[in-house]
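Residue numbers start from 1 in every chain, and the chains themselves are labelled A, B, ... in the order their sequence lines are given, proteins ahead of strands.
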Amino acid sequence: MKNYAARLKRRNLIDGIFAAAALTAMVVFRITMKEAESFNMLQGFCTGFAVVLIIRIIRNAQCLHNEELLRKKYIASTDERTLAIEREVSTTTLRISMLVLGITTVITSFVSESTAYTLAAVLGIITLLQFILYAVYNRRM
Amino acid sequence: MQNRIQELRKQRRVTQQELADALSVSRQTIISLENGRYNASLLLAHRIAQYFETTIEAIFIFDEEETL
């Protein structure tokens with residue numbers, strides 16, 4: 001549990017750095033890109049990113065000051081059944097996504113060649129990534 | 001894979017929540033284990049055996065047909 005508390009503290013520190021970076025970026029964008037079209041989108045992205053991180057920091061800080069909350073969070077994040085469900089969901093999602101991408105690529109090739117090439121490239125990158133990660137975990141385990 | 005977790009837990013008059021707390025897992029995990037819907041990892045099986053002061057083989061009944 002002490003290791004988990006230390007991990008939460010470290011995560012909070014990293015989140016704090018990213019939140020500060022997002023808020024700084026927002027100020028920089030406000031100064032430099034006043035008239036640009038992409039300003040609103042970038043500002044929205046930075047604000048959303050910072051808000052999510054700040055909420056996470058507050059939640060983690062609450063857990064760090066309350067033993068019961070910390071224990072609950074620890075169980076929620078290390079419960080092996082939950083982790084097994086997450087692994088299963090990820091695998092199934094990837095399989096379905098690749099199947100849908102494959103079918104969509106074939107169908108799209110009749111309509112737009114460039115879109116079909118883009119989808120095929122995405123499918124290729126995912127497959128390549130899968131091979132690389134398989135090799136990495138094959139060595140680790 | 002069958003197991004005797006529910007039987008041992010009831011013998012000791014321990015609630016699912018108490019067992020879950022002692023093993024640092026969720027109550028839902030205990031429910032799934034008892035119903036046979038989820039098989040514990042070796043690590044959790046070891047912790048369960050330690051909790052009930054017995055061996056893994058005494059709690060988990062390996063069904064050979066599952067491997068066929």
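Around the CD atom of A/Glu67, the shell of radius 6.0 Å holds no more than 12 heavy atoms that belong to other residues, nucleotides or ligands. Residue B/Arg12 places its CZ atom among more than 12 non-hydrogen atoms of other residues, nucleotides or ligands, all under 6.0 Å distant.
Contact count versus chain A (heavy atoms, under 4.5 Å) is highest, among B/Leu43, B/Asp21, B/Leu23, for B/Asp21.
Under a hydrophobic-cluster definition in which Ile, Leu, Val, Met, Phe, Trp and Tyr are linked whenever side-chain heavy atoms come within less than 4.5 Å, directly or via other members, B/Phe62 and B/Ile56 are assigned to the same cluster. Using a 4.5 Å cut-off between side-chain heavy atoms of Ile, Leu, Val, Met, Phe, Trp and Tyr, with links allowed through other members, A/Phe45 and A/Leu53 fall into different hydrophobic clusters. In the hydrophobic clustering of ILVMFWY residues, with side-chain heavy atoms under 4.5 Å counting as a link, A/Val122 and A/Phe131 come out apart. Criterion: ILVMFWY side-chain heavy atoms under 4.5 Å apart, direct or through other members. Under it, B/Ile48 and B/Val14 are part of a common hydrophobic cluster.
Taking both residues in full, the closest heavy atoms of A/Ile75 and B/Val25 are given as CG2-C, 3.4 Å, listed atom of the first, atom of the second, then distance.
Annotation: residues 81-107 of chain A contacts chain B through A/Arg81, A/Ala84 [non-hydrogen atoms, separation under 4.5 Å].
Sorted by first and then second residue, the side-chain hydrogen bond (donor to acceptor under 3.5 Å, both in side chains) pairs with a member in residues 4-28 of chain A read A/Tyr4-A/Ser77, A/Asn12-A/Asn60, A/Asp15-A/Arg56; sequence neighbours excluded.
For a residue to count as touching a neighbouring chain, one of its non-hydrogen atoms must lie under 4.5 Å from one of that chain's; by this rule B/Thr29 touches chain A with backbone and side chain alike.
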